[in-house]
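Only one structure is covered here, and it is reproduced in the block below.
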Amino acid sequence: MSWLAWDYAGRITALAILAVVPSARVAAFRRDERQVSLIEISFWIAGVLLLERLSQWPQRLLNASFPATVLGVYPHPIGWLNAFDLIFGLALVAVSEEIIFRRYLRAALQPYVGDGTFAFLVTSVLFGAFHWWAGLGTVLLATMSGCLLMLMFRRSGALWPVALAHYIVDIIAFA
């Protein structure tokens with residue numbers, strides 16, 4: 001339970017800091033209208049899920065091949081704490097990571113890396129690096145997922161479909 005408490009506290013604190021700093025708040029919490037149909041969003045989510053599921057075996061293989069890179073594992077709570085973590089915790093993970101990596105970092109890094117391919121790669125690599133403690137395979141899978149989610153964000157124009165895709169991927173992975 002303490003791991004979850006610290007994880008939730010860190011994510012909530014990061015979002016609170018973004019909310020308190022006026023320039024960060026504008027970048028992180030703006031409302032965007034979706035630019036694609038709900039059907040296209042459904043296809044994007046299905047594609048992200050499929051590619052993520054197909055990437056599980058290379059992730060496991062890399063983590064097994066380089067065990068020294070795996071510094072920790074995700075907790076597996078039981079009982080009511082498991083249900084709470086699957087519903088609230090994974091929603092917090094998806095929303096916070098999408099706000100930080102897809103929206104805020106993209107805006108914050110734009111003066112330095114532009115808004116093209118380099119920005120796309122930088123934010124995706126940072127997203128992967130954020131998962132450093134879970135092993136090389138996880139870092140590479142998260143980087144690839146970050147690329148897909150950034151593509152989805154750019155195509156859809158709105159963050160909520162991307163956060164929903166992230167949440168569904170995590171629910172499937174951890175349920």
Measure across [X] and [Y] and return the closest heavy-atom pair with its distance rounded to 0.1 Å.
X      : Y      : value
Asn82  : Pro77  : CB-O, 3.2 Å
Ala134 : Asn63  : O-ND2, 3.3 Å
His131 : Val139 : O-CG2, 3.7 Å
Ala64  : Pro67  : O-CD, 3.4 Å
Ala165 : Ile45  : CB-CG1, 3.8 Å
Ala94  : Ala163 : CB-O, 3.5 Å

Do side-chain atoms of [X] reach the backbone of [Y] as a donor and acceptor pair under 3.5 angstrom?
X      : Y      : result
Arg34  : Ser156 : no
Asp170 : Leu90  : no
Thr69  : Gly135 : no

As an exercise, state the distance from [atom1] of [X] to [atom2] of [Y], rounded to the nearest 0.5 Å.
X      : Y      : atom1 : atom2 : result
Ser96  : Ile12  : OG    : CD1   : 9.0 Å
Arg11  : Ile99  : CZ    : CD1   : 11.5 Å
Met144 : Cys147 : CE    : SG    : 8.5 Å
His166 : Leu159 : NE2   : CG    : 11.0 Å

So do [Y] and [X] actually touch side chain to side chain, heavy atoms under 4.5 Å?
X      : Y      : result
Leu136 : Val70  : no
Arg154 : Phe120 : yes
Phe29  : Leu15  : yes
Val169 : Ser145 : no
Phe43  : Val48  : no
Leu126 : Phe101 : yes
Arg25  : Pro22  : yes
Val162 : Arg103 : no

Step through the shown structure and confirm whether more than 12 heavy atoms of other residues, nucleotides or ligands are within 6.0 Å of [atom1] on [X].
X      : atom1 : answer
Leu54  : CG    : yes
Tyr74  : OH    : yes
Phe84  : CZ    : yes
Tyr104 : OH    : no
Arg155 : CZ    : no
Leu71  : CG    : yes

- Task: Please lay out, stage by stage, how Leu38 and Ile41 fare under the test side-chain contact (heavy atoms from CB on, under 4.5 Å).
- Result: CA-CA 5 Å; Leu38 293 175; Ile41 288 171; 4.3 Å; yes
Taking [Y] as the starting point, is it possible to reach [X] by hopping between hydrophobic residues whose side chains are less than 4.5 Å apart?
X      : Y      : result
Leu62  : Leu141 : no
Phe130 : Phe153 : yes
Phe127 : Phe118 : yes
Val73  : Phe66  : no
Leu140 : Leu148 : no

- Message: I'd like to know whether Leu81 forms a side-chain contact (heavy atoms from CB on, under 4.5 Å) with Asp85, so could you lay out the CA-CA distance, the side-chain angles of the two residues, the decisive distance to 0.1 Å, and finally the verdict.
- Response: CA-CA 6 Å; Leu81 192 55; Asp85 189 45; 5.6 Å; no
- For Leu18 and Ile100, what are the C-alpha separation, side-chain angles and deciding distance, and is it a side-chain contact (heavy atoms from CB on, under 4.5 Å)? CA-CA 9 Å; Leu18 290 175; Ile100 291 167; 3.9 Å; yes
- Should Glu97 and Arg102 count as an ion pair when the cut-off is N to O under 4.0 Å? no
- Query: Got a salt bridge between Arg30 and Asp32, using NZ or NE/NH1/NH2 to carboxylate O under 4.0 Å?
  - Reply: yes
- Item | Donor-acceptor pair between Gln59 and Thr138 side chains, under 3.5 angstrom | yes
- Query: Do Tyr8 and Phe88 have ring centres separated by under 6.0 Å?
  - Reply: yes
